[in-house]
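The structure appears below as C-alpha cells.
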Amino acid sequence: MSNYLGNYSLYIALIASVYLIFKSYLDANSENKYLDKNFILITSIQTIMIMVSFFSLVAAFVISDFSNETVFNNSHTLKPLFYKVSGTWGNHEGSLLLWLLVLSIFLFIFLLNSRSQDTKYKLLTILFQQIIISGFLVFILLTSNPFKMLYPIPSEGLGLNPILQDPALAIHPPILYLGYVGTSIIFSASLASMISGNIGDKWARHIKKWVLVSWVFLTIGILLGSIWAYYELGWGGFWFWDPVENVSLMPWFCLTALLHTVIVLQKRNSFKEWTIILSITTFSLSMSGTFLVRSGILNSIHTFANDPSRGLFILSFLFILILMSILIFFFNQNKISNTAKENFILSKETAILVNNWFMMFFLSVVLVGTIYPIFLEVLNGSKISVGPPFYHNLLIPFLIPFLIFMSFGPSLKWIKDKLKKFNYNILIIFFVSLLISFVILTKTENSFLLSIPLIVLSIYLLLVTIKDFFVSRSSISQKISHFGFSLLITSILLNGLFSNEFNSNMKVGDERIFNDKVVKLKEVNVTDVDNYKSLKASFEVTNKNSSFALYPEVRIYKQPLTITSEADIKTTLFSDNFLVFNILKDDGYYNVRYQYKPLMIWIWISTIFIGFGGLLSVIRKNEQKY
Amino acid sequence: MFKILKLILLLYFSFNFSYANEINTKVDKITKNLRCLICQGQSVYDSQSDFAISMKLVVKNKIDEGKEDEEIYDYLKNKYGEWIVYEPELNRNTFLLWSIPLILFAFGGLLIIRKVSIK
Amino acid sequence: MSKNIKFLGLLLTLIIIFIILLKGLNVSKDYSNKKLKSKIDFSLNAKKLFSDEIINISDLFDKNSPSVVNIWASWCAPCREEHQFLMKLKDMNINIIGINYKDSPKNAKNFLSSLGNPYSEVITDNDGTKSIEFGAIGVPETFIISGKTNEIIKKYIGPLTSENLIEIKNLLKKNV
C-alpha cells in the first residue's frame, strides 16, 4: 500500500514539475507584473506529494514492510525504532528522496520569502529550481526507485550496517543535505538574477540569508560527520582526508568564500561576476559530491552501493547544469553593470579578496587530491593513493600567511584604510602569544619545525579575536565565527602536537605503563544483546592521585555478520582518553590501543562557535555592520 | 626575518616531515603511510586485519635488517604498486598533482595584484 | 573576441573532464596488482609443512619451466572450492608449490589428506610475511612464476575458476 502511495505521488510531483517549468518559462517571457497564484499552489502540491512519498517510505521502515526492496535491504525487525527511522536515509534510494524533499521545501520557503522581489527574477528562479527538481525526480524514478516491490515477501530484512547505527550519523545526512540543497537555491537565484539583470546590493541582501543558512547547515553537517568518525570508526582520528569527507569540505570552502564576497556586493555593489561564478561553483561542487559519492567512482571508507547507470545519469545531469550556467553566464555578462571601482590595497574589499584567494587555494588542494587518482587511472592506468601526507604538506605551510591575514583583515575599513600609527596593543598581544607558545613548546620534544610559527600565530590570532569583542559591539556574529575558527586551528594544532598513544597486545590482568599512568585490563564480559554479541572490557587507568575506568566494547552483529569496535572515551575539558580494543586470533589476547588526545572537545566546541556566528547573523536581520 | 622563514621552509621540505606527531617508532611511522589494501580507507597501522598484521611484521623485520625507509617503501611498491603508499612521491605521474594547486595560487595572486591599485 | 576564446576554452575543458569521469565510472575500484611483475627473492628460507625441515625456496622451483604457487589455508572456504582445480593441474604434471597461510599444521594436514594433496611441496607461513614477499593480500591467491627470471608472470586473486585453469594451461605450454 505505502509502496503505491509513495511511487504515484512521485509521478504527480514530476507532472507538477514539468508544468511549472513550462509555465515559468512562458511567464518569464511575458510582461506579467505579478506572480500567478498557481505557482504557490502547484509548488505546495508538489512539496506535499514529495512529503507523502518520503513519509510513506519512513512508514514502511517503521512497520518493517519487507515487500519494499529498500526496507528489505536496509532494515531488520530487531532494530531499535530510532534507527529504523534513520535507516530511511541511510541508504542510496532513501537519501535521494530526502535530497528531493529538501529541494522542494526550500523552493517553497523561497517563494514565501521573496515577495518583494522582481517577478521575472522569481519566475526564473522557479524555472531553474524546477529543472533541478525534475532531474532528481527522473533520476529516482528511473535508477533508484525506493518503492520497488518484492514478491514473495521476505519474513526478515537484511539489516542496516551496524556501523551506521549511531545518533550522530543518523542526523548527519539530513543536516548535510540542508547545506547542499541550500546551495541549489543560490545557484538558481544567481542564474535568474543574471538574466533579469538585478544583481546588486538589494539582491545581495536577499540572497545572503540563503548563503548563511546553507553555510551553517554545511558546517554542522561536516562537524557531525567528523564526530561520528571519531567515535565510531575507532581509530581516534577526526579527519581522514577520505574522499567522501573531502567532498563535503569542497563546497564549504567555496561557500565560505561566497559568504564574504556577498558582503562586498551588499556594501559596495561590486564583485558581481565573481559572486555569480562562486554561486555556480558552489552548487556544482555540491552536485559533484553527490555524483562522486553515489556513483562509486571513489575509493572510500564509506561504501555506498554503486551502479554505473546511476553514475552516468548524475554525471550527465551535472554537466548539463554546468553547461547551461556557463551559457547563461557568457550570454548575459553584458547585462552586469560594473561601475569600475578602484580597490585600494588597504581596504576590506582587498582583505576579502585575499580571503577568497586562500579559500580557492584550499579548495583546489582538496579537489585535485580527490579527483587526481581517478584522472590518472583513466589516462595512463596507474593507481596512486593520495592520503593525509599530501594534504598536510600542501595546506599547512599556507596556514601561516592565512593566519597573519586573518589577524588584521577583518578590522580594515571599507574603500580605503590608512596605515595606523604603531599599535602597542597588538605588540603586547604578540609578545604574550610568544610567551605562551614558548611555554607550550618546551613541553614537547617535537621536531616539526613549522609548528613553532603555527602555534605562535594561532595563539596570536586567538587573542586578537578575543580582543576584538572588547573593541566594539558591532558585527558580533562575524566575531564569534572568527573566534571559533582561531580556536579550531589552535585546538587542532595542539591536539596534533601533544597526542600520544600506545598499541599493545594484552590479556586479562596485564598492565601497561604509559606516560605517568598505569593502564590495566581487569576483565572482559561476554553477553548477548538484541541483535549482537557483546564483549565488554573493563580497564582501569590509574594516575598518581586519581583513577578512572574505561569500558570499550567489541560487538559481533548477526545481521549482517559484522564486527565493530566501540571505543570508550573519557572526555574532560583538557583532554580525551580514547581506548579501543580488538579481538585477536591468539586466544586470550586482545589488541589494545590507548590514545591521549588533548583539547579534543574544543575541536567540536569551536566548530559550533563557527556555525553559531552564522546562525546569529541569520537571526539578526538588521545587524548594523558586518 | 625573511631569511629565517626561508630557512624554516627549506628545512621543512628537505626533511619531509610527516604531520602525525604521535609517531613514536619507525614502524608506526611507516605503517601509517601504508594503505591497508583489503580494508576500506584504513592505514596498515590502524588495521587489525591479517594482512595488516603481517605487513607490520614485514616492516619491522626490514627495519631490524637495517633497511632505510626509502628501501622499505620501494620494496613494497615493487610488490603492491604505488597504491600502497599514502604520500604520492613526486614523479612524472604526480607532477601535476603537486603543482596544480601551487600554480593556481600564483595565478590567483596575480589576479588580485591586477585588481588592486597600490597607492 | 577574448570572451569567445574563454568560452570555448571552458567548454573544451568541461568536455574533456566529462569524458574522463565517464571512463572513470567503468574503472574497477578493487585493488589489483595484476600488472605488476615483481621479482621473488629466491634466497628466502621457509619451513616445510610435513617435515619441519627448513629449506631455501629456490630449491622448490624448476629452473627451466614455470611453477605455480598457491597460497591457501584450511580455514578458508574459497580455498576448498578451488581445490579441485589444483588437483587437475597436478594431474597435468605441473609443479605446484603450496604456501600454508596462518594455519595450524594439524588442520592443514587433515585438509590435504581428505581432499588430496596437489602440491609438490608445502611450506608454512605462520606470520603471513612470506605471502607479502609474493605480493599477496589474502587467501587464496595463485601465482605463476618463471624459474628463469624469478618473476611473477601472472596473478590470480581469489579462488581459481575453470576459465583460469585453461589460461594457466596455455601459459605453461608457452614455456616462459
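What's counted below: heavy atoms across the whole structure, side chains too, no hydrogens, waters or symmetry copies. Each chain gets a letter, A, B and so on, in the order the sequences are listed, and its residues count up from 1. Treat the numbers as computed from the prediction; the structure is a model and nothing was measured.
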Would you find a donor on one side and an acceptor on the other, under 3.5 Å apart, between the side chain of A:Ser385 and the backbone of A:Gly387? no
Top contributor to chain A contacts, counting heavy-atom pairs under 4.5 Å, from B:Ile53, B:Ile84, B:Leu104, B:Val85: B:Val85
Quick check: are there more than 12 heavy atoms from other residues, nucleotides or ligands sitting under 6.0 Å from CZ of A:Phe514? yes
Taking every non-hydrogen pair under 4.5 Å, which of B:Pro101, B:Ser43, B:Gly108 racks up the most with chain A? B:Pro101
A:Arg268 to A:Trp414 six-membered ring, cation-pi geometry met (6.0 Å, 45°): no
Show me the donor-acceptor pairs, under 3.5 Å and distance only, between side chains in residues 398-405 of chain A and residues at least two apart or in other chains.
none

Could you tell me which portion of A:Leu376 (side chain, backbone, both or neither) has an atom closer than 4.5 angstrom to a non-hydrogen atom of chain B? side chain
Chain B: which of A:Trp241, A:Tyr391, A:Phe390 shares the most heavy-atom pairs with it under 4.5 Å? A:Phe390
Pair count under 4.5 Å, heavy atoms only, with chain B: among A:Tyr596, A:Phe361, A:Phe375, highest is A:Phe361
Ring-plane angle category for A:Phe581 and A:Tyr590, please: parallel below 30°, perpendicular beyond 60°, tilted otherwise. perpendicular
Among the listed options B:Leu111, B:Leu102, B:Ile100, the residue most often paired with chain A at heavy-atom distances under 4.5 Å: B:Leu102
For B:Leu96, which atoms come within 4.5 Å of any heavy atom of chain A: side chain, backbone, both, or neither? both
Part of B:Ser47 lying under 4.5 Å from any heavy atom of chain A: neither
Give a yes or no answer on whether the side chain of A:Glu377 reaches the backbone of A:Ile374 with a donor-acceptor pair at less than 3.5 Å. no
Can a salt bridge be assigned to the pair B:Glu87 and B:Lys77 using a cut-off of 4.0 Å between side-chain N and carboxylate O? no
Under 4.5 Å from any heavy atom of chain B - which part of A:Asn356: neither
